[in-house]
Participant: 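I'd like to ask you about the structure that follows.
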Amino acid sequence: QVRLVESGGDSVQAGGSLRLSCAASAYTSSSVCMGWFRQAPGNEREGVASFYRPGGSTAYAESVNGRFTISLDNVKNIMYLQMNSLRPEDTATYYCAAGPPGACASDSWGRGDRYSSWGQGTQVTVSS
């Protein structure tokens with residue numbers, strides 16, 4: 001399993017931006033599905049975005065499409081989530097995850113059980 005460590009969470013006002021980072025230890029495979037998830041208190045975990053390495057294909061939840069951008073620095077082994085136009089409903093603990101290539105399938109990328117490695121989470125709070 002790959003070790004993942006998130007950072008970048010903070011408290012911001014609505015309309016602001018944040019960039020989350022997920023540093024990964026060495027991958028055990030050249031092909032991997034990387035994902036961002038979030039969970040707010042009382043809510044189920046939600047898939048936010050996914051990135052298929054090495055192909056670079058991405059997927060986004062409808063609620064963040066057009067506002068968030070997922071990217072991967074293959075040299076540094078760091079995955080990013082650029083979050084713009086933040087809303088109070090984006091408030092949650094954000095987690096990064098890694099899984100086998102099949103986790104990035106269009107009908108399953110948002111399912112947490114498809115991923116085998118998880119970070120500890122970073123808190124994002126958006127105030128109105």
Participant: Identify the heavy atoms of T122 and S7 that sit nearest to each other, and give their distance.
Facilitator: OG1-C, 4.1 Å
Participant: Among residues at least two apart in sequence or on other chains, which ones pass side chain to side chain contact (heavy atoms under 4.5 Å, CB included) with S17?
Facilitator: Q82, N84
Participant: Any idea which heavy atoms bring V75 and D73 closest together, and the distance?
Facilitator: N-OD1, 3.0 Å
Participant: Nearest 0.5 Å, what's the CG-CZ distance between N74 and R53?
Facilitator: 5.0 Å
Participant: Please name all residues satisfying side chain to side chain contact (heavy atoms under 4.5 Å, CB included) with S71, sequence neighbours left out, ordered by chain then number.
Facilitator: Y80
Participant: Hey, could you give me the CG/OG1 distance between N43 and T91, rounded to the nearest 0.5 Å?
Facilitator: 11.0 Å
Participant: Check the pair M83, L20 against side-chain contact (heavy atoms from CB on, under 4.5 Å), reporting the backbone distance first and the verdict last.
Facilitator: CA-CA 8 Å; M83 305 186 296; L20 304 183; 3.7 Å; yes
Participant: Taking atom SG of C22 and atom CG of L4, what is their separation to the nearest 0.5 Å?
Facilitator: 4.5 Å
Participant: Just to verify, what does R67 make a salt bridge (charged side-chain N to carboxylate O under 4.0 Å, His left out) with, not counting sequence neighbours?
Facilitator: D90
Participant: Could you tell me which non-hydrogen atom of M34 sits nearest to which non-hydrogen atom of C104, and how far apart they are?
Facilitator: N-SG, 4.3 Å
Participant: Minimum heavy-atom separation for R38 and S63, please, with both atom names.
Facilitator: NH2-OG, 3.4 Å
Participant: Can you measure from CD (E44) to CD (Q39) and round to the nearest 0.5 angstrom?
Facilitator: 8.5 Å
Participant: What is the minimum heavy-atom distance between G47 and A61, and which atoms define it?
Facilitator: O-CB, 3.4 Å
Participant: Can you name the residues that form a side chain to side chain contact (heavy atoms under 4.5 Å, CB included) with Q13, not counting sequence neighbours?
Facilitator: S127
Participant: Using every non-hydrogen atom in the two residues, find where Q120 and V5 come nearest and quote the distance to one decimal.
Facilitator: OE1-CA, 3.7 Å
Participant: Show me the pairs that pass ring pair (Phe, Tyr, Trp, His ring centres under 6.0 Å) and involve residues 42-68, at least two apart or across chains.
Facilitator: none
Participant: Got a sec, which pairs hit ring pair (Phe, Tyr, Trp, His ring centres under 6.0 Å) with one end in residues 86-128, sequence neighbours left out?
Facilitator: F37-Y115, F37-W118
Participant: Output the distance between atom CZ (R114) and atom SG (C33), rounded to the nearest 0.5 Å.
Facilitator: 10.5 Å
Participant: With rounding to the nearest 0.5 angstrom, report the CG to CG distance, N77 to L72.
Facilitator: 7.5 Å
